[in-house]
Amino acid sequence: MDWPIKETLLENHDNDASGGRAFCGINSYNIGRPLLQMVHFVSLIKYSLNCLVANSYLLVVPLVVKIWIYLRMAERLGIEPGDKNSMIDMVIPTGAMGNLTGGYMAKQLGVPIGRLCAGVNINDITHRVIERGEFHRKRIQKTLSDAINIEVPYNFERIAFYTTGCNCALILEWMTVMERTQQLTLEKEWHERLKLDFCSARVTDDEMCEALRRVRARLNYIADPHTAVAMAAAMIIGYAFTEVSSAEEMMPVVILATASPCKFQEQMTVALGQDEWISWKEHHFPIRAHKTLQTREIEPYYFLQTEGAS
Ligand SMILES: N[C@@H](CCOP(=O)(O)O)C(=O)O
């Protein structure tokens, strides 16, 4: 029953110029395997019991990932796990708010996460609701970080649920207003409550490309466009690359990488140039994704709309 875990752990990274860094090895009993097993079985149980609101179980993964990230950071920074005086902030590439919600759930469970910061592109409804309390639908615009082009993030409902102390009646009222008018403006009280836990920044394509180049030059790390949105957002919010002389001066922040450059040939080429893309593809392209590239594409199916059918 745990074949997906074995599949995940068996990935061969020998050709990967990252130096063979995988999530964890098949035989290693580090946190990776039990963690994946836990997520997998919890998902299976929830799925088979069919006792959850549609697709809520998908949030189990983002939730557990945030707990894992916190524990890894605490370990690296020498923080006592659970120490409320050493909060860790997170900047998250944000589209449908799934990862943001996972982070919020972890925080609700008591994980000492400080600010949850959403990095969004110019499709910025998440930024507008966090900064101004305006959850107003706007027409989508094309960007280079296109899988986070979201008009209305469906997970906002879940964030609002926790922000209001699980006030089902109020959330139903809000979502009804949203459905009817495509606009929901939060009252001052609720907006202020939201701002206690969240912050955000809106990032243009130019800023995203600039962040990608900067991180490449500074850290020798090649991010995907979504992660680069979060990196640019982090800089806008005020997290900077600076040398610190003591732990007290540190402002620990995690920037989540949620995608892979392998999905973004065109965008990576725009940001870094053709040579850089070719070099990345040669040395870092994930092996399994490579196999997908070589697989024959399935012919499209065509559907005809019958007149009068809805
Ligand atoms: N899944 C995205 C990341 C952001 O999505 P969200 O639903 O967690 O806001 C990606 O492909 O990078």
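When a ligand or atom number is given, it counts from 1 through the structure's own listing order. Just so it is clear, the values below take in all heavy atoms, side chains as well, and ignore hydrogens, waters and symmetry mates.
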Can you check whether Gln141's main-chain N or O pairs, donor with acceptor, with Asn123's side chain at less than 3.5 Å? yes

Check whether Arg213 reaches the backbone of Ala271 with its side chain - one donor and one acceptor, N or O, closer than 3.5 Å. yes

Nearest-contact summary for atom 11 (O) of ligand 1 - protein heavy atom, Å: His226 ND1, 3.4 Å

I'd like to know if Glu276 and Arg216 make a salt bridge, using a cut-off of under 4.0 Å between side-chain N and carboxylate O. yes

Are any of the protein's heavy atoms under 4.0 angstrom from atom 9 (O) of ligand 1, yes or no? yes

Using a 3.5 Å distance criterion without hydrogens, assess whether the side chain of Asn99 forms a donor-acceptor pair with backbone atoms of Pro62. no

In ligand 1, which numbered atoms sit nearer than 4.0 Å to a non-hydrogen atom of Lys263? 11 (O)

Checking Asp146 now: which residues fulfil salt bridge (charged side-chain N to carboxylate O under 4.0 Å, His left out) with it, not counting sequence neighbours? none

For Ala96, take its heavy atoms, then give the atoms of ligand 1 lying under 4.0 Å from any of them. 6 (P), 7 (O), 9 (O)

For atom 4 (C) of ligand 1, which protein heavy atom lies nearest, and how many Å away is it? Pro93 O, 3.3 Å

Counting each atom of ligand 1 from 1 as listed, which ones have a heavy atom of Met97 under 4.0 Å away? 6 (P), 7 (O), 9 (O)

Atom 3 (C) of ligand 1 - nearest protein heavy atom and its distance: Thr258 OG1, 3.5 Å

Treating Tyr70 as the side-chain partner and Gly82 as the backbone partner, does any N or O pair qualify as donor plus acceptor under 3.5 Å? yes

Measuring from non-hydrogen atoms of Ile148 to any atom of ligand 1, is the shortest distance under 4.0 Å? yes

Pairs satisfying salt bridge (Lys or Arg N to Asp or Glu O under 4.0 Å), at least one member in residues 175-189, at least two apart: Lys188-Glu192, Glu189-Arg193

For atom 6 (P) of ligand 1, the protein heavy atom that lies nearest, with its residue and separation: Gly98 N, 3.5 Å

Evaluate Leu100 for polar contact with ligand 1, using N/O atom pairs at a separation under 3.5 Å. no

Using a strict cut-off of less than 4.0 Å between a Lys/Arg side-chain nitrogen and an Asp/Glu carboxylate oxygen, indicate whether Glu134 and Arg128 qualify as a salt bridge. no

Give the atoms of ligand 1, by number and element, whose distance to some non-hydrogen atom of Ala259 is under 4.0 Å. 12 (O)

What residue and heavy atom of the protein are closest to atom 1 (N) of ligand 1, and at what distance? Asn99 ND2, 4.6 Å

If we number the atoms of ligand 1 from 1 as shown, the ones under 4.0 Å from a heavy atom of Gly95 are 4 (C), 5 (O), 6 (P), 9 (O)

Counting only heavy atoms not in Tyr162, do more than 12 sit closer than 6.0 Å to its OH atom? no

